[in-house]
Amino acid sequence: MILALLFLSACFLAYSNGANDNFKGVATLFGSGTTNYKKAINWATITTLSGSVAAILLAKELVKNFSGKGLVPNELIAMPIFAISIAFGAALTVFIATKIGMPISTTHSLVGALFGAGVMAVGSQFNFEKLGTTFLIPLIVSPLMAAVLSLMLYIIFKYFRKQLGVTKKTNLNIHKKQTQSIATLNMDKTLSLKSKTAIKATIQNKTETYEGQILGLSSQKVLDALHYLSAGIVSFARGLNDTPKIVGLLLIINVIDIKLSMAIIAIVMAFGGLMNAKKVGLTMSKKITPMNSGQGFTANLITGLLVTSASIHGLPVSTTHVSVGSIFGIGTATKKADYKMISKILLSWFLTLPLAAIVSAILFKLLETLS
């Protein structure tokens with residue numbers, strides 16, 4: 001019964017993770033008007049699944065870190081109720097954020113849950129030093145690094161774009177409405193038909209494209225291809241980085257092979273993204289800053305490089321933090337960032353850790369009492 005509950009809690013976490021995180025890699029594709037929502041989420045699902053499969057070979061260190069090893073005594077790690085508390089505390093936190101459209105970090109939620117359940121279980125024996133060096137510092141530094149790097153890279157790309165003679169063109173999609181008024185009653189009580197047509201035009205969308213050529217090819221087509229590739233890299237990196245964190249909670253179930261665990265988590269994660277990603281997707285795509293395809297490509301390139309490097313070196317950075325930081329860096333460079341929305345996102349990040357810690361601590365105590 002306890003092992004089944006652990007498995008269900010891990011699946012709940014995987015579903016919530018997919019719902020909150022899957023669209024983040026392709027947010028710039030949708031936000032820049034490069035593609036529509038359906039195509040963007042399908043591309044995210046395919047590339048995230050690929051990253052989850054690659055995690056079996058490349059991200060074993062993250063599996064160890066998120067099993068709690070080194071933070072708490074080994075005998076506590078072997079207790080299923082400890083893993084259940086962590087998985088459910090993190091999952092509930094991410095699920096609530098998803099429902100209100102806030103892009104928070106599953107990594108941050110897991111760290112909070114590890115802290116809450118760990119301190120409730122062992123008190124001062126909890127390894128606070130490792131919590132800071134291995135978990136908290138990368139989570140704090142990574143979004144700042146992403147913002148600075150994306151700002152710098154955007155300025156560099158902008159310089160080379162002008163040197164190559166590639167110019168921007170603004171496209172307005174105008175929607176026309178026609179209204180007709182007919183039938184008027186005359187003084188002699190006869191009915192005459194008259195038609196009057198009024199045309200109303202509204203701008204539905206404004207996008208920026210690039211005119212010119214790069215190595216003999218259309219600059220916009222080259223950029224779109226690179227943008228799709230960079231979005232795929234970010235989603236791949238997210239699957240590579242997040243899947244092992246959830247699988248780490250299942251290590252104590254010796255009857256389930258680690259490769260099978262990764263496959264199950266990857267499928268549930270993909271399903272969560274397909275079913276519930278739209279609210280967070282709109283926040284990431286439209287509400288932080290308006291962007292064109294070149295700016296979106298730049299943000300994705302920085303996000304993909306940072307998250308992939310962190311995964312290979314076992315550093316638990318948040319794809320959310322890095323992605324938001326990269327997009328915000330672009331908004332800072334273009335002076336179009338929505339600071340009100342950024343403040344809301346930062347508040348949700350601030351509340352993530354304590355909420356996950358409180359839920360997991362209460363659940364651990366409850367399960368400990370019942371057992």
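We're numbering straight along the sequence, starting at 1. Since this is a predicted model, take the numbers as computed values, not measurements.
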A.B. asks: Decide side-chain contact (heavy atoms from CB on, under 4.5 Å) for I96 and M102; before the verdict, give the C-alpha distance in whole Å, the side-chain angles of both, and the deciding distance to 0.1 Å.
C.D. replies: CA-CA 9 Å; I96 292 171; M102 282 293 105; over 6 Å; no
A.B. asks: Does the side chain of L282 reach to within under 4.5 Å of the side chain of F30, using non-hydrogen atoms?
C.D. replies: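 Sidechains of F30 and L282: in contact.
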A.B. asks: Among pairs that include at least one residue of residues 347-362, which meet side chain to side chain donor-acceptor pair (under 3.5 Å), considering only residues two or more places apart or in two chains?
C.D. replies: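 For residues 347-362: none.
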A.B. asks: For T320 and I104, indicate whether the former's side chain and the latter's backbone hold a donor-acceptor pair under 3.5 Å.
C.D. replies: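 Such a contact is found between T320 side chain and I104 backbone.
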A.B. asks: Output all residues satisfying side chain to side chain donor-acceptor pair (under 3.5 Å) with T98, sequence neighbours left out; order by chain, then residue number.
C.D. replies: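 In terms of side chain to side chain donor-acceptor pair (under 3.5 Å), with neighbours along the sequence ignored, T98 is linked to N20.
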A.B. asks: Can you spot which of T47, N22, T303, T319 makes a side chain to side chain donor-acceptor pair (under 3.5 Å) with R238?
C.D. replies: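 Only match with R238 under side chain to side chain donor-acceptor pair (under 3.5 Å): N22.
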A.B. asks: Let me check something: any side-chain donor-acceptor pairs from residues 138-150 under 3.5 Å, sequence neighbours excluded? List them with distances.
C.D. replies:
| from | atom 1 | to | atom 2 | distance (Å) |
| --- | --- | --- | --- | --- |
| S142 | OG | P138 | O | 2.8 |
| S150 | OG | A146 | O | 3.1 |
| S150 | OG | A147 | O | 3.1 |
| S150 | OG | S326 | O | 2.9 |

A.B. asks: Restricting to non-hydrogen atoms, name the atom on K365 and the atom on M120 that form the minimum distance, rounded to 0.1 Å.
C.D. replies: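 Shortest heavy-atom separation between K365 and M120 comes out as CD-SD, 3.9 Å.
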A.B. asks: If I compare all heavy atoms of F23 with all of G281, which pair ends up nearest, and what's the gap?
C.D. replies: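 In terms of heavy atoms, the two residues are closest at CD2-CA, 3.2 Å.
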A.B. asks: Would the distance check show the side chain of N276 and the main-chain N or O of G272 forming a donor-acceptor pair, the cut-off being under 3.5 Å?
C.D. replies: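 No, because the side chain of N276 does not come within donor-acceptor range (under 3.5 Å) of the backbone of G272.
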A.B. asks: Whether the side chain of S309 engages the backbone of L306 through a donor-acceptor N/O pair (distance < 3.5 Å, no angle test) should be reported.
C.D. replies: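 Such a contact is absent between S309 side chain and L306 backbone.
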A.B. asks: Starting from V26, can I reach V280 by hopping between I/L/V/M/F/W/Y residues whose side chains sit under 4.5 Å apart?
C.D. replies: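 In one cluster: no.
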A.B. asks: Restricting to ring pair (Phe, Tyr, Trp, His ring centres under 6.0 Å), what partner residues turn up for H108, sequence neighbours left out?
C.D. replies: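 Once residues adjacent in sequence are excluded, the partners of H108 under the ring pair (Phe, Tyr, Trp, His ring centres under 6.0 Å) criterion are H321.
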A.B. asks: I'd like to know whether the aromatic ring centres of Y154 and F297 sit less than 6.0 Å apart in this structure.
C.D. replies: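 No.
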A.B. asks: With no hydrogens and no angle check, just 3.5 Å: does a side-chain donor-acceptor pair link S32 and Q295?
C.D. replies: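 No - no donor-acceptor pair under 3.5 Å links their side chains.
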A.B. asks: With a cutoff of under 4.5 Å between side-chain heavy atoms, which Ile, Leu, Val, Met, Phe, Trp and Tyr residues group with F160?
C.D. replies: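 Besides F160, the hydrophobic cluster comprises I156, Y159, listed by chain and residue number.
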A.B. asks: Report the C-alpha separation of N300 and I233 in whole Å, then their side-chain angles, then the decisive distance to 0.1 Å, and conclude whether the side-chain contact (heavy atoms from CB on, under 4.5 Å) test is met.
C.D. replies: CA-CA 8 Å; N300 276 354; I233 290 171; over 6 Å; no
A.B. asks: If hydrophobic residues (ILVMFWY) are linked whenever their side-chain heavy atoms come closer than 4.5 Å, directly or via other members, who joins L347 in its cluster?
C.D. replies: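 For the cluster that includes L347, the remaining residues are F350, L351.
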A.B. asks: Work out which heavy atom in V268 is nearest to a heavy atom in C11; give both atom names and the distance.
C.D. replies: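 Of all heavy-atom pairs spanning V268 and C11, the closest is CG1-O, 3.3 Å.
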A.B. asks: Would a 4.5 Å heavy-atom cut-off, applied to side chains only, mark F82 and L114 as touching?
C.D. replies: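 Yes - at least one pair of side-chain heavy atoms lies under 4.5 Å apart.
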A.B. asks: Nearest 0.5 Å, please: how far is CD1 in I246 from CZ in F12?
C.D. replies: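 Answer for the CZ-CD1 pair, F12 versus I246, is 11.5 Å.
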A.B. asks: Can you sort out the partners of T35 under side chain to side chain donor-acceptor pair (under 3.5 Å), two or more places apart, ordered by chain and number?
C.D. replies: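 Listed in chain order: Y228.
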A.B. asks: May I ask you to decide if K99's main-chain N or O and K279's side chain share a donor-acceptor pair within less than 3.5 Å?
C.D. replies: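 Yes; judged by distance alone, with no hydrogens or angles, the pair exists.
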A.B. asks: For S323, check side chain to side chain donor-acceptor pair (under 3.5 Å) against everything at least two apart and list the hits.
C.D. replies: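 With neighbours one apart ignored, the set is empty.
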A.B. asks: Residues two or more places apart in sequence or in another chain: which of them pass salt bridge (charged side-chain N to carboxylate O under 4.0 Å, His left out) with K39?
C.D. replies: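 K39 satisfies salt bridge (charged side-chain N to carboxylate O under 4.0 Å, His left out) with no residue once adjacent residues are dropped.
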A.B. asks: The criterion is ring pair (Phe, Tyr, Trp, His ring centres under 6.0 Å); which residues satisfy it with F364, sequence neighbours excluded?
C.D. replies: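 Here no residue qualifies.
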A.B. asks: With clusters built from Ile, Leu, Val, Met, Phe, Trp and Tyr whose side-chain heavy atoms come within less than 4.5 Å, directly or transitively, what are the remaining members of the cluster of I46, listed by chain and number?
C.D. replies: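 Joined to I46, directly or through intermediates: none.
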A.B. asks: Of all the heavy-atom pairs spanning S85 and L367, show the shortest one and how long it is.
C.D. replies: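 For S85 versus L367, the nearest heavy atoms are OG-CD1, 4.1 Å.
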A.B. asks: Partners of S52 by side chain to side chain donor-acceptor pair (under 3.5 Å), sequence neighbours excluded?
C.D. replies: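 T243.
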A.B. asks: Are L6 and L92 co-members of a hydrophobic cluster defined by side-chain heavy atoms under 4.5 Å apart?
C.D. replies: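 Yes, it is one cluster - the side chains of L92 and L6 are joined through contacts under 4.5 Å.
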A.B. asks: Do you know the tightest heavy-atom contact between V234 and G25?
C.D. replies: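 Residues V234 and G25, closest heavy atoms: CG1-CA, 3.4 Å.
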A.B. asks: Report yes or no: does S235 contribute a side-chain atom to a donor-acceptor pair with the main-chain N or O of G232 at less than 3.5 Å?
C.D. replies: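 Checked: no pair found.
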A.B. asks: Please work out which of the three classes, parallel, tilted or perpendicular, describes the rings of F126 and F115, given edges at 30° and 60°.
C.D. replies: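 If you compare the ring of F115 with that of F126, the planes turn out perpendicular.
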A.B. asks: Is there a path of hydrophobic side-chain contacts, each under 4.5 Å between heavy atoms of I, L, V, M, F, W or Y residues, that connects L5 with V359?
C.D. replies: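 Cluster IDs for L5 and V359 match.
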